[in-house]
Amino acid sequence: MSENKFRTLGIYADGMVLQRNTVNCIFGDRASGEVKLSFRDVTLTAAAAPDGTWKIEYNPGEAGGPFEMKLECAGSAITFNDVWVGEVWVNSGQSNAQLPMDRLRYSYPHRMKLPKNDNIRMITVPITYSYDGPKDTVENPTWICASPQTIAQMSGTAYFFASYLEQELGVPVGIINASQGGSPITSWMSEESLKQLGKTNYLEQLEKWRKPGAVKEQLERQTRAQEEWFKNLAATDTGLNEHWEKLSFEEICNDSSWQTCFVPNNFYDLKEGGVCWFKKEIDISAAELAALTMPNEDIRLWLGVIVESDKAWVNGTFCGETPYCYPPRRYVIPRNVLHVGKNTITVRVVKTNQTPIRFFEDKTYAIFNSKERLSLDGEWKKRVACDAPNAPSVIFMEWQPTALYNSMLGPAFNYAVVGALWYQGESNTWGAFEYAELLKTMIATWREKFVYSKKNMPVVVVQLPKWGDGYKDEQRNYPEDWAWLRKAQADGVAAAGNAALASMVDAGEWNDLHPEDKIVVGERAAREALRIGYGIESATAPVMKEFTVVADKVKVRFDQEVIMNNSELVGVEGLYFVCRRESDTPFAGNDSLHIKAKGTVVGPDTIEVEIPSQIKESGYPIKELRYLWTNCPEFVTLYSKSGLPAQPFIVRL
């Protein structure tokens with residue numbers, strides 16, 4: 001598209017998808033006189049306002065494509081090519097909404113190679129922030145369609161969501177992907193909505209960053225502090241200064257300062273920040289080396305997930321680094337680095353606070369390709385290179401109240417959409433008590449601001465999956481903040497109306513904040529979208545309907561038939577009673593007992609839970625029965641006949 005005197009604003013670009021069979025709007029500025037729109041067989045005109053702004057409302061008609069859209073004004077023209085008409089959804093939230101297919105390429109290798117599909121298209125709104133009201137445009141908007149050349153850039157959640165809708169509806173599906181890792185819900189809310197709720201704490205934050213020079217000053221200050229911290233760390237890191245990456249395993253075995261350890265594991269050698277180095281030796285035979293060095297295939301070095309940042313070498317040759325704690329460590333060993341005999345792997349791990357260094361369990365630690373695999377689990381050597389105080393804190397400006405609502409959603413408000421997919425909550429688990437109200441209000445605001453959507457625009461909310469913060473034992477389930485956030489999501493959805501909660505409590509990974517099974521997320525969310533957005537019948541997750549207490553048993557009824565899906569377990573897992581003496585506050589836990597229980601399916605829609613005898617012996621009165629009320633349920637056994645997990649519940653007894 002060549003540069004013209006007049007221009008369009010918003011997210012219009014080549015390759016876009018327009019919402020079918022409804023009023024759409026194209027708008028812009030810098031026009032003089034009349035602007036003419038030609039699309040399919042329709043021509044419309046609109047007069048520019050004195051300030052040069054203009055807009056044209058039109059109906060693009062039935063699904064199809066590709067088409068050409070042409071705009072003309074005062075001898076200049078703008079032409080959009082490869083335009084399609086179908087269904088348009090917004091995908092928004094934090095990192096699990098954002099996570100690109102590139103991160104999922106090893107989980108879905110066949111998807112990365114599928115032929116070009118013109119019916120799946122996406123625009124990823126650039127990550128920017130603003131505190132001064134909604135913006136009206138995106139710089140250089142870019143729509144792409146799914147192909148081997150572009151799919152890696154697409155949000156995994158949104159891609160699988162769009163793919164399922166496209167198969168079911170048989171029309172092009174466009175996704176406006178406006179998401180940002182780590183963002184709290186308030187960064188996606190308007191200033192007006194926060195005022196309406198009386199959220200003075202968030203409004204005070206907003207005013208703080210609006211002051212002239214405040215953002216610039218903060219960014220400069222924290223950049224200087226971070227640079228100084230890492231500079232001092234590098235200066236005192238004995239391993240860097242002495243090039244421990246070049247030391248052979250034989251050399252360090254003769255040095256008592258290198259201690260034997262086992263990977264994967266958690267390491268508590270450093271109280272706050274600092275650096276610890278790890279080394280392992282593997283013996284490679286001629287046959288193994290020949291298999292690993294096959295032509296046209298990478299030699300992969302996978303090091304699971306590490307807290308916090310790392311650099312990795314093999315035989316002294318640098319293989320890769322990851323600057324923060326969440327991504328899987330997936331590196332490639334350059335050819336001719338490995339040799340027959342003893343080879344040394346070296347990993348330098350930096351941590352910035354009191355969180356222990358972790359090599360997460362149940363992840364891949366190996367050197368491998370399709371023909372050979374050498375495990376790196378087991379005995380390693382480690383040595384602390386230096387310690388340091390906690391690193392200076394960092395404030396992310398895009399996470400501040402209204403910042404992303406203004407800059408990333410604002411430019412799409414005049415674009416016609418059918419609905420929104422919302423995958424967020426991890427960054428609000430500390431404040432689950434207010435989340436339902438925030439979610440309800442955010443949905444109401446979006447429905448008002450997406451002016452070319454239906455008044456009661458459907459919104460699908462993705463329930464937080466299970467996650468254990470990398471801990472395999474019961475430590476992962478306290479203080480149950482993810483469980484309370486799931487309840488807040490359900491409450492917010494119920495209060496919003498024409499919204500749905502995609503059940504995910506059985507999905508996720510205990511040791512990964514970013515689970516890779518995004519096909520489950522996308523397809524379950526799409527089925528909810530079909531139900532509330534298109535009136536297409538679709539199964540829902542069982543929801544607790546009512547309960548009764550008879551003698552020493554609690555009977556719980558659901559809104560549909562439920563079944564046990566794990567024959568190896570006796571009874572429904574994930575149930576427990578809460579007993580408290582003094583406090584009725586549901587978040588309190590200082591003076592309470594949690595007593596595990598099991599349920600039995602006693603009817604098509606009913607389970608029965610026996611009250612354990614130890615409760616009577618404890619002297620604590622029963623306050624609640626909870627189901628799947630943990631951050632990371634170990635067993636999820638109660639399902640609908642269609643395969644959806646029963647929703648967590650809490651009943652007050």
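Between Trp302 and Phe368, the ring centre distance stays below 6.0 Å.
Checked for salt-bridge contact, Glu251 and Lys246 miss the test: no charged N lies under 4.0 Å from a carboxylate O.
In this structure, Asp283 places its CG atom where more than 12 heavy-atom neighbours from other residues, nucleotides or ligands lie under 6.0 Å away.
Aromatic ring pairs are classed by plane angle as parallel below 30°, tilted from 30° to 60° and perpendicular above 60°; the pair Phe278 and Phe359 is perpendicular. Using a 30° and 60° split on the angle between ring planes, Phe161 and Trp89 fall in the perpendicular class, above 60°.
Once rounded to the nearest 0.5 Å, the distance linking CZ of Phe249 with NZ of Lys279 reads 9.0 Å.
Across all non-hydrogen atoms, the minimal contact from Glu480 to Tyr576 is OE2-OH, 2.7 Å. What you find for Ser155 and Ala158 is that their closest heavy atoms are OG-N, 3.0 Å. Between Asp506 and Lys466, the shortest heavy-atom contact is O-CE, 3.9 Å. Scanning all heavy atoms of the two residues, the minimum distance from Arg348 to Leu233 falls at NH2-CD2, 4.4 Å. Considering all non-hydrogen atoms of both residues, Val520 and Met504 come closest at O-CE, 3.7 Å.
In this structure, Arg329 fails the cation-pi test against Tyr365, since its NZ or CZ atom is not both closer than 6.0 Å to the six-membered ring centre and inside 45 degrees of the ring normal.
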